[in-house]
Structures are given as structure tokens and as C-alpha cells.
There are 2 protein chains.
Amino acid sequence: MSKQELPIIDAGVDVSGPACCAPLVCEPLSDSEAVELAPLFKAIADPVRLRLLSLIACHEGGEACVCDLTGAFDLTPPTISHHLKVLRQAGLIDSERRGTWVYYWINPGVLARMSALIGPASAALAGTA
Amino acid sequence: MSKQELPIIDAGVDVSGPACCAPLVCEPLSDSEAVELAPLFKAIADPVRLRLLSLIACHEGGEACVCDLTGAFDLTPPTISHHLKVLRQAGLIDSERRGTWVYYWINPGVLARMSALIGPASAALAGTA
DNA sequence: GCGCTACTTAGACAAACATCTAATCAGGAG
DNA sequence: CTCCTGATTAGATGTTTGTCTAAGTAGCGC
């Protein structure tokens, strides 16, 4: 068992549920929806975290050990660890210790929710323009 | 004419072109790709800017005057203006002055590119998980 | 136990950011 | 031209963020 778990988010808010809100078009986002969604985008709004996400997603088996990741950056292990923590607290990734190593994998639900917000908007407006 | 213009970005980088990079899965994002993409997500990684984007997208005609937007927030006009500038410099919106008022509309290309990055990843990994 | 490796936490610090007030620019009406 | 309204720019300020070094926790092998 690895990524077959329940989508338990280790930060407070559960953001992995069914899309909560209209996809940016149709109906203006409420303040509380925006406050809930913005941190998800903030989590990937950093070059290092974008690459971490990509490295994990592309790694064989869909999961990667921290030691697979640190080599790709000119950053110290604590910094990588910090970025992984930010991603995990946003619910974008989950992790598990397996012996000496800690493995990370992507929680597709949260990514899907983010995509569902901006994807339809771009499509709808592209048609309109 | 309003949103039929060329996709001219008033900041440096042109981010509206054809998708530059694989969609997060398949091949790890390069450092330069990540550096180029992260600011797009940073631009929408704020509750106010998310709502601004949504308010503009939902407004009739696909465009909104600044005066249509300020009322939705408990913020001063300069602050709204600042957030609109951030969105515009990221290439997410474009603007035009028409008489007394300044109108903003969404540039769907940039939004589409962002969606293309994270959408396929969530779909692919959801299938894998 | 002891030491080694893998990773995380704690604390410090400079850079970036969101917000405000005050001042400025652009157009329209008298 | 003068005033008023709509919007942006400039500058100041408190907060957040990315990074580091130093210290701590967790598992493995001797």
C-alpha cells in the first residue's frame, strides 16, 4: 500500500473533496471560496515546488524518495524539506516513511480541483473572444 | 474591438504562446520552465486576485470596469489597482481605457496554459492511483 | 549501545508582498 | 479654464516567505 490511502490532509482543511465551487466563470467566486482556494495556488507558485511536483509525478511508480529530489536542486536538504512540507500542508502531496527513506506521492484530487477551476474558464472565454 | 487584440503582454515575458512544456507529468519540468511558470500561479495565488479574475470573467460581455470591481472588496481603490496590475503583468488580463473608465478582460491563453500544465497531471495520476 | 545516514524541526535573516495614505494623471461637465 | 470623478503611481509599513546553519529525530548495521 502506498498511494491507495484515504485522502487525509494533514493540515486543517480538507480540500480533496468534490469541487466546491463554480469554475471561475458563471458565478463570481465568494470571498470564503477564494480564501480557501488561493493557498492551493500559492503552494505551487514557486519554481522549486513546481519542479518538486513534476519530479514526483514523473518518477517511476508515481512516488519519489527525498533523496531522489534533493540532487535536482542547488539547495540544502532543509530547504527541500521545507518546500515538501508546504506542498503537503496544502494537500497536494502525501508522504510515508518506509524504513530509512521517506516517500512522497501526488494527491491527484487537489490538482484536479485546481484544474477544474481555471480550465473551464479558459475554454469558455477562448470561445467568447 | 476589445478582447480581439494581439496577446501583447506588458511585462517582459511572453507567456501566451503555445504550451512550452510537457504537462507536469511525462518529463520533469526544467528549471527555466519552472521559473517562467511559477509567476503565473503566484499571480492567482491570492484571494483578492482570484475573485477579481472571477468577477471579470463573469461580468457581462466578458469585461469589467474597475468601478464594477472595487465594490466587492473591503479594500481601497489603490489596492485593487495594485492587484489588477499584478494580474496584467502576469499576462492574465488586458485592459483598455474607454473615456472615463478603464475596462479589464481575461486573456484566456495564459489561463489555458496553466490549466494544461496541471490538468493532464491530475487526470493521469488519478488513473494510476 | 554506538555510530552512521536520511530527513525534519527550530531559529535567524534578507527579500518580497499586501495594504494603506497622499499625491498624481486622464477625461468629462460646467 | 476650473472642478469633479475615476484610476494609477509613489512611498511607507507590518507581515509573509525562501533560504541558511545548527540541532534534533528515526531507522539501520556493527
Side-chain angles (χ1 to χ4, degrees), chain A residues 2 10-12 31 34-35 37-53 55-56 59 63-90 92-105, chain B residues 2 10-13 31 34-53 55-56 59 63-90 92-105:
Chain A
S2 59
D10 81 344
D31 183 58
V35 165
L37 287 162
L40 301 185
F41 290 101
K42 186 169 289 183
I44 65 168
D46 179 279
V48 174
R49 292 198 289 269
L50 262 187
R51 288 187 65 206
L52 280 173
L53 219 50
L55 283 166
I56 295 171
H59 207 265
E63 60 180 22
C65 154
V66 179
C67 56
D68 296 323
L69 304 171
T70 46
F73 302 88
D74 249 357
L75 296 169
T76 62
T79 300
I80 300 297
S81 197
H82 160 71
H83 285 299
L84 288 169
K85 186 180 189 179
V86 171
L87 288 170
R88 205 189 39 209
Q89 289 187 330
L92 280 156
I93 58 178
D94 275 316
S95 66
E96 182 189 27
R97 170 163 221 131
R98 236 172 280 151
T100 308
W101 297 280
V102 177
Y103 290 86
Y104 283 86
W105 60 89
Chain B
S2 58
D10 82 341
V13 195
D31 182 58
V35 166
E36 193 188 340
L37 286 162
L40 301 185
F41 290 101
K42 186 169 290 184
I44 65 168
D46 178 281
V48 174
R49 292 198 289 269
L50 262 187
R51 288 188 65 206
L52 279 172
L53 220 49
L55 284 166
I56 295 171
H59 207 265
E63 59 180 22
C65 156
V66 179
C67 55
D68 297 322
L69 304 171
T70 45
F73 302 89
D74 249 358
L75 296 168
T76 62
T79 300
I80 301 297
S81 198
H82 160 70
H83 285 298
L84 287 169
K85 187 180 189 178
V86 171
L87 288 171
R88 202 184 27 164
Q89 289 187 329
L92 281 156
I93 58 179
D94 275 317
S95 66
E96 183 189 27
R97 172 163 221 131
R98 235 170 280 151
T100 308
W101 297 280
V102 177
Y103 290 87
Y104 282 87
W105 60 89

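Here is the naming used below: chain letters follow the sequence lines, and residue numbers restart at 1 for every chain.
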For the residue pair [X] and [Y], establish whether any side-chain heavy-atom pair is separated by less than 4.5 Å.
X: A:Leu50; Y: A:Pro47; result: no
X: A:Leu40; Y: A:Leu92; result: no
X: A:Leu87; Y: A:Asp46; result: no
X: B:Trp105; Y: B:His59; result: no

To the nearest 0.5 Å, what is the distance between CG (A:Asp68) and CG (A:Leu52)?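 If we round to the nearest 0.5 Å, A:Asp68:CG and A:Leu52:CG are 11.5 Å apart.
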
At what distance, to the nearest 0.5 angstrom, does CD1 of A:Ile93 lie from CD of A:Glu63?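 That separation rounds to 12.0 Å.
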
Using a heavy-atom cut-off of 4.0 Å across all strands, would you classify A:Tyr104 as base, sugar-phosphate, or nothing?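 Sugar-phosphate: the residue A:Tyr104, judged by heavy atoms under 4.0 Å, touches backbone atoms but no base.
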
Heavy atoms only, 4.0 Å cut-off, all strands: where does B:Tyr103 land among base, sugar-phosphate and nothing?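 B:Tyr103: no heavy atom of the nucleic acid under 4.0 Å.
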
Partners passing side chain to side chain contact (heavy atoms under 4.5 Å, CB included) against A:His82 (at least two apart in sequence or in another chain):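 With neighbours one apart ignored, the set is A:Val86.
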
Mind checking what makes side chain to side chain contact (heavy atoms under 4.5 Å, CB included) contact with A:Thr100, not counting sequence neighbours?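 If we apply the side chain to side chain contact (heavy atoms under 4.5 Å, CB included) test to A:Thr100, skipping adjacent residues, there are no hits.
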
Sidechain-backbone polar pair: B:Arg49 side chain, B:Lys42 backbone, donor-acceptor under 3.5 Å: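 Side chain of B:Arg49 to backbone of B:Lys42: a pair is present.
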
Mind checking what makes salt bridge (charged side-chain N to carboxylate O under 4.0 Å, His left out) contact with B:Arg51, not counting sequence neighbours?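 Expected list: A:Asp31.
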
Between the first and last five pairs of the helix from C:dG1-D:dC30 to C:dG30-D:dC1, the angle of the axes, rounded to 10 degrees: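 Both end axes considered, the difference amounts to 10°.
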
For DNA chain D, which nucleotides open and close the run of contacts to chain A, 5' to 3', at under 4.0 angstrom from a non-hydrogen atom?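 Reading along DNA chain D, I get D:dT17 to D:dC28.
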
Could you write nucleotides 15-30 of chain C as a row of B, S and -, 5' to 3', where a protein heavy atom under 4.0 Å of any base atom gives B, of only sugar-phosphate atoms gives S, and otherwise -? --SSBBBB---SSS--

